Number of protein chains: 2
Amino acid sequence: MVKRNGTRAKITDVAKLAGVSMATVSCILKDPDNNRFSDETNKKVLSAVKELNFRPATFAQQMKGKTLPVIGLVIPSLMNHFYPEVTSGFTDQANKLGYNVIFANTDNSIEREQSFIDTMISLGVAGVGLCGVDLPDEREKELVKRLINLGIPVVRLDRYLEEPDCPCVGLDNFRAGYFMTEKIIQLGHRNIGCLAPYEIVQIVSERCRGYMEAMKAHGLLPKLCKFHRNEFGSIYKALEEVWTGEDRVSALFAIGGDIDAIECIKCASRLNIQVPFDLSIAGFDDIYISEIINPSLTTIKQPKFEIGATAMRILKSLIDGDDVEEEMILLPFEYIARESVNAIG
Amino acid sequence: MVKRNGTRAKITDVAKLAGVSMATVSCILKDPDNNRFSDETNKKVLSAVKELNFRPATFAQQMKGKTLPVIGLVIPSLMNHFYPEVTSGFTDQANKLGYNVIFANTDNSIEREQSFIDTMISLGVAGVGLCGVDLPDEREKELVKRLINLGIPVVRLDRYLEEPDCPCVGLDNFRAGYFMTEKIIQLGHRNIGCLAPYEIVQIVSERCRGYMEAMKAHGLLPKLCKFHRNEFGSIYKALEEVWTGEDRVSALFAIGGDIDAIECIKCASRLNIQVPFDLSIAGFDDIYISEIINPSLTTIKQPKFEIGATAMRILKSLIDGDDVEEEMILLPFEYIARESVNAIG
DNA sequence: TATACTTAGTAAAACGTTTTAATAATTTAA
DNA sequence: TTAAATTATTAAAACGTTTTACTAAGTATA
């Protein structure tokens, strides 16, 4: 008979049904293969547990010092195509390690981040994965410090931050930017523009630095082609500008991500520019759609799933008190050659 | 002085610092604007709370019967573009209502769903949002029943299920399928194919039914154009087939979603079919990318964010014990006319 | 036979909060 | 002046588990 009265069975219910003390139930549940109790007692208890569908209340276990099998994950958004995959990698790994994930979407607001962290502390989460506001605001550092001071392990995703002693998993965005630029140069391009949003964030500015350095290293003149995110027609104008002048670019590197690149391809088509025959366009991230669209996108593949999974693994090490030797874990990127970038010359 | 010893302040610490009993602290924290205590006591306590950064441990509150301010959300995947947005709507609304969200990704496995639900029961979540396995398996029904029997409110997202008394938020997929088909007919098309995956799920088969009925209502012959998901080249072959015969389709309705439609456009380009001049292609969902690609996609817009937000609002009503009059909440869809579908004839 | 050791199981305290019922101090009413 | 009412505060029980230290009974050892 399953209980149907709307209340969960307690350990005392199990004890009563099995005819033993609750201490016995607790011990047997802790280690069902123990040899402290007779086989008969073990069997009685286990079958009572099953019959009542008993699972110990987590909050009572927490009271006795057990940590909550829950990890907090702070992400700036699920709309940006990058994060769902990171989140997926993180939660999958967490589940494999026996944790659940409390998911918090900050919309890049430090206040919301603040309040989520507070809630997580109250709940007593076992650890926190933090992909916080992008600019290393003082308050961000304070938050991380607070968690660490409370003994709550923290790992950061895709965001570097030296000061508080807290590992970080991400990509070497500088090298990735450098790599892609060099690839385009090797394909014969000389006049290569860098399509970048004005609202540039730390990791994207790293890519930009990579682009600049690569251009310089090959004796080429960098050309920044800036636009405003969320401003309709801004990419169109930016593209028109670098296309109208006498020293037209032959390639554009959209360091802001594949979405920017795809939008740029669309603008190109409006301007009767054929990609890649008239103009090559490269992206960054390798989102799912990049392979499907026409022309398919040449891009840098970020190991999004792996970033999440690795971060969770590092967090687990921190929770277990194991040494985490590296402060910064940089995962490898991959150059994906597709149709949107052509060789010239 | 902030505590730096790695332990959280307890209510007794606050009481000691403020020179009052812990009962006093608890009462003042419960209602800071009370008039049970002197202004002086109120001030002392509040400043001690601030100084020690005290927040009551949730687990101890749970012990006293307070429900955990956490909602469980079960989603089959974050990779499918549909769910991140639904999740976003759900969590945003949850946060506004004072809840956090435990996020669980089942990968369409009923076993994982089962185990997540168990964990959520142990944790004592205040409610569950369930977008479970698609086929109404008996075990799925059992799961929902179990939650309900324990007094844990459940709302279902994008999945109909009559039997257990549990509200559901979604779209009228039949009407949406009918509507799009009729639109295409009104644009002069007569030979309209329905591009559908073999692995058809409940909600998609509803759209298919809508397509069939609309065709029948206009005296037209439905033509199913099936392909295998995750099988490379399957859409290509399906398209080739309906294009080679003497009674070529002039339009295709990809009921499986925009991704299928976009992939189909790519295949069309390989076959030298110009979309929309030779062939019109319509999608379903209206994912972010659909507006950006070339040609942009004519599609049915699902209120993804709203589905999540509405589900959470319904769940809140259930938690509060308010009456939820409707069993099935169907949100409006929207026909989005873009470039991939042309008028003919 | 007395002693030590095992074995099988349990009583009770502890965890950090909330809340009820009580106390002590003060004011008001009679 | 005393009783009653009000105000300000607190003691202690309760929530559901885990765990430590204990008991009682049986078994081996000297």
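Basis for what follows: all heavy atoms, side chains included, without hydrogens, waters or symmetry-related copies. For clarity, every value in this text was computed on a predicted model and none was experimentally measured. Letters A, B, ... mirror the listed sequences (proteins, then strands); counts begin at 1.
The number of heavy atoms from other shown groups lying within 6.0 Å of CD (B:Glu326) is above 12.
Taking only side-chain nitrogens and oxygens, B:Ser21 never comes nearer than 4.0 Å to OP1 or OP2 of D:dA11. Contact annotation: A:Lys30 reaches the phosphate of D:dT19 (side-chain N/O to OP1 or OP2, under 4.0 Å). For the pair B:Lys64 and C:dT17, the criterion of a side-chain N or O lying under 4.0 Å from OP1 or OP2 is not met. An OP1 or OP2 oxygen of D:dT18 is reached within less than 4.0 angstrom by a side-chain nitrogen or oxygen of A:Gln61.
Closest to the side chain of A:Met63, from the set C:dT17, C:dG9, D:dG16, is D:dG16.
Residue whose closest nucleotide on DNA chain D sits further toward the 5' end, between B:Arg36 and A:Lys66: B:Arg36.
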Stepwise salt bridge (charged side-chain N to carboxylate O under 4.0 Å, His left out) check, A:Lys96 with A:Asp92: CA-CA 6 Å; A:Lys96 275 180 197 145; A:Asp92 276 21; 5.4 Å; no
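Scored by the side chain to side chain contact (heavy atoms under 4.5 Å, CB included) test, A:Asp31 finds A:Asp33, A:Asn34 as partners (sequence neighbours excluded).
Judged purely by atom type and a 3.5 angstrom limit, B:Asp137 uses its side chain to pair as donor or acceptor with the backbone of B:Arg139. B:Arg156 places no side-chain N or O within 3.5 Å of a backbone atom of B:Gly170 that could act as its donor or acceptor partner. Side-chain N or O atoms of B:Arg55 include one that pairs as donor or acceptor with a backbone N or O of A:Asp118 at under 3.5 Å.
Contacts with DNA chain D (heavy atom under 4.0 Å) in residues 37-48 of chain B: B:Phe37, B:Ser38, B:Thr41, listed by number.
Residue contacts shown for B:Ala57 are limited to sugar-phosphate atoms, with no base heavy atom under 4.0 Å away.
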